[in-house]
Amino acid sequence: MRNFYGLLALAGIALTACSDSSGPSVGPQFSRQITFPDLRNKLQSLPATGAARAEIELPATGFVAREVNVEDREEVDERETVRGRITALTVDAAGGKGTLTLAPGFQVTFTSSGMFATGDDMNLTFQQFVDRVQAALGLTPPVNLGVRAVRSAPLNPLALGAGDAFPADKLELKPDVERPKLKINVTQANIVAAGGGDCTMAKLGVTPEGCLKVLGVTVGIASETELKAMNPGVVKVEFEGIVDCAKPIDAASFFLKDGAQVVVDDHTEVEAQGEDGDHLSLAEVKTACAATPAPEIEADGEGVLTSSSGQPPVIRATEVKFEQEEQEQIEAEFEGTIEAIGTDNITVGTRKIGVDANTQIERGDTKITLADLHVGEEVEVKAVVDASGGLLAREIRVRS
């Protein structure tokens, strides 16, 4: 069973409530558009020991950022994260250290003293993590696993050098990672002027306004990049948890089981279905929650706090993704004699087993149907326990 973490860094922060004077159809302005010169000036004005927290999102392929958002200055002391797909791995098992390359080239280092986990929060050893990544990369074609790398606070140094690798102290394999995304501190040392280094049309494919060099990669900022800065007094948070199906769900909000209310509006980006087709819309979440028993649906996203008085908090989501957790199935294997055959089931010994369109039935190497089975035949059955507690066959093999 997955463990879900509640809201990050909510306690002990003085907040300014956001208001909307333009009417109910327009959301509060949590950030403002800026230009590349604005970004350059902001970073150049930092004190010698200071930094700014930047959230950088890239497309699945390419070096030009989809979005760069300069966060509130209080964020610089929080942990840094990098998400992406693993394209290469080098490892020194004897020395207990390794380096991941994440598309489009970000370098992430790790050691055996770090923490390793899967997407369902199963802990791994250093060697188990390495084995999984190497096995995926060794397939034809290679499988580029998604990973989330964390550098925990307190950060030392506060900002990495432009060419430095990301020193992760936690790595979590994440199957839902589709685009590179970084939340790291930057300074004026990360700025690259248009035409300098790899900040060129020849490298990026478009004419850049300028670039940021981070983790050894030059990320282009062009006309299609959404370049923003958070307004003063706004605190941005990440949230992750289970939707509370017992509380109201409508087109404007939903609740998490930890009590937080998440508000959605026309400005909220609800992530569409991913590669596995398992992302839900809010309307689909409401429909799924009406089932008995209610399923577990994970909500994962970002937003800003709109209330500062007491708990639970209210978050206005800027982006959210819903995923329904698959229920673990109980499997059963047995063999015996067919005692009876129905229109959608067979009885083997004293067990009645359902048969549906997904049941594979074989006699020798030949695939057959339920109608081809006979009372008295010996069979081997693989089944699962369905939602009603009955057995549903997944495989039926007639013994010769």
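- Residues Arg148 and Thr81 are in side-chain contact: their nearest non-hydrogen atoms beyond the backbone lie under 4.5 Å apart.
- Placement of Ile249 and Val263 in two distinct hydrophobic clusters is found when ILVMFWY residues are connected by side-chain heavy-atom separations under 4.5 Å, directly or transitively.
- The shortest side-chain heavy-atom distance between Cys211 and Leu204 falls under the 4.5 Å cut-off.
- Judged by distance alone, the side chain of Asp250 and the main-chain N or O of Ser253 form a donor-acceptor pair under 3.5 Å.
- Using bins of under 30°, 30° to 60° and over 60° for the plane-to-plane angle, the ring pair Phe254/Phe322 lands in the perpendicular bin.
- Without hydrogens or angle criteria, Asp38 side chain to Thr35 main chain gives a donor-acceptor distance under 3.5 Å.
- Using a 4.5 Å cut-off on side-chain heavy atoms (C-beta onward), Arg32 and Ile34 make contact.
- Leu160 and Val150 sit in two unconnected hydrophobic clusters of ILVMFWY residues. Membership requires side-chain heavy atoms under 4.5 Å apart, directly or through other members.
- Atom CG in Asn190 sits 14.5 Å away from atom CZ in Arg40 (nearest 0.5 Å).
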### Query
Do Gln134 and Val91 pass the side chain to side chain contact (heavy atoms under 4.5 Å, CB included) test, and can you show the C-alpha distance, the side-chain angles, and the key distance before you say yes or no?
CA-CA 10 Å; Gln134 287 179 331; Val91 63; 3.6 Å; yes
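- Shortest non-hydrogen contact noted between Gln33 and Leu227 is OE1-O, 3.3 Å.
- Contact between Ala165 and Leu215 at its shortest, heavy atoms only, is C-CD2, 4.2 Å.
- Ring pair Phe116/Phe126 is perpendicular by interplanar angle, where above 60° counts as perpendicular and below 30° as parallel.
- Atom CG of Asp356 and atom CG of Asp344 lie 9.0 Å apart (nearest 0.5 Å).
- A single hydrophobic cluster is seen to contain both Val130 and Val143, as judged by linkage of ILVMFWY side chains at heavy-atom distances under 4.5 Å, directly or through other members.
- Hydrophobic cluster membership is shared by Val285 and Val264, with clusters built from Ile, Leu, Val, Met, Phe, Trp and Tyr side chains linked at under 4.5 angstrom.
- Of all the heavy atoms in Ala159 and Ala51, the pair that sits closest is CB-CB, 4.1 Å.
- Interatomic distance, Arg66 CZ to Thr225 OG1, rounded to the nearest 0.5 Å: 10.0 Å.
- Between Thr118 and Glu172, the side chains place no donor N or O within less than 3.5 Å of an acceptor N or O (distance only, hydrogens not considered).
- At most 12 non-hydrogen atoms from other residues, nucleotides or ligands lie less than 6.0 angstrom from NZ of Lys286.
- What you find for Cys199 and Ala193 is that their closest heavy atoms are CB-O, 3.6 Å.
- Only one option out of Glu377, Arg399, Glu378 pairs with Thr337 in a side chain to side chain donor-acceptor pair (under 3.5 Å); it is Glu378.
- Atom NZ of Lys42 has 12 or fewer heavy atoms from other residues, nucleotides or ligands within 6.0 Å.
- At least one side-chain heavy atom of Ile191 sits under 4.5 Å from a side-chain heavy atom of Leu212.
- Thr101 is listed as a side-chain neighbour of Gln107, based on a closest heavy-atom distance under 4.5 Å.
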### Query
Which is it for Glu323 and Asp300 under the side chain to side chain contact (heavy atoms under 4.5 Å, CB included) test, yes or no, and what are the steps along the way?
CA-CA 8 Å; Glu323 293 182 284; Asp300 181 358; 5.8 Å; no
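- By the 6.0 Å contact criterion, CZ on Arg397 is open, its count of non-hydrogen atoms from other residues, nucleotides or ligands being 12 or less.
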### Task
List the steps, then state whether side chain to side chain contact (heavy atoms under 4.5 Å, CB included) holds for Leu137 with Asn144.
CA-CA 6 Å; Leu137 293 174; Asn144 302 125; 3.9 Å; yes
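- Proximity of Pro312 to Gln261: side-chain heavy atoms (C-beta onward) are nowhere separated by under 4.5 Å.
- In terms of modelled atom types and a separation under 3.5 Å, the side chain of Glu395 and the main chain of Ala393 share no donor-acceptor contact.
- Formation of a donor-acceptor pair under 3.5 Å by the Arg363 side chain with backbone atoms of Asp372 is found in this model.
- Listed here is the closest heavy atom pair of Ala149 and Ala168: CB-CB, 3.9 Å.
- A donor-acceptor pair under 3.5 Å links the side-chain atoms of Asn185 to the main chain of Leu158, judged by distance alone.
- Note that the CG atom of Leu373 and the CG atom of Leu370 stand 5.5 Å from one another [nearest 0.5 Å].
- Under a 3.5 Å cut-off, the side chain of Thr268 and the backbone N or O of Ala317 do form a donor-acceptor pair.
- Remark: Asn41 CG to Leu46 CG distance equals 11.0 Å, nearest 0.5 Å.
- The distance from atom OG1 of Thr87 to atom CG of Leu102, rounded to the nearest 0.5 Å, is 7.0 Å.
- Checking side-chain atoms of Asp198 against main-chain N and O of Lys203 turns up no donor-acceptor pair under 3.5 Å.
- Nearest heavy atom pair, residue Ala299 against residue Leu256, reads CB-CD2, 3.9 Å.
- Here the side chain of Asn123 pairs no donor or acceptor atom with the backbone of Ala117 at under 3.5 angstrom.
- For Glu71 and Arg53, the salt-bridge test fails: no basic side-chain N is under 4.0 Å from an acidic carboxylate O.
- The side-chain heavy atoms of Val219 and Phe106, taken from C-beta on, include a pair separated by under 4.5 Å.
- Taking the side chain as every heavy atom from C-beta outward, Val108 and Leu171 approach each other to under 4.5 Å.
- Just one residue in the list Glu67, Glu75, Glu302 forms a salt bridge (charged side-chain N to carboxylate O under 4.0 Å, His left out) with Lys183, and that residue is Glu302.
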### Task
I would like to know whether Phe166 and Val214 meet side chain to side chain contact (heavy atoms under 4.5 Å, CB included); could you show each step before the answer?
CA-CA 9 Å; Phe166 186 84; Val214 289; over 6 Å; no
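- Between Arg179 and Glu319 there is no salt bridge, since no side-chain nitrogen of the basic residue lies less than 4.0 Å from a carboxylate oxygen of the acidic one.
- A single hydrophobic cluster is not seen to contain both Val192 and Met201; linkage of ILVMFWY side chains at heavy-atom distances under 4.5 Å, directly or through other members, places them apart.
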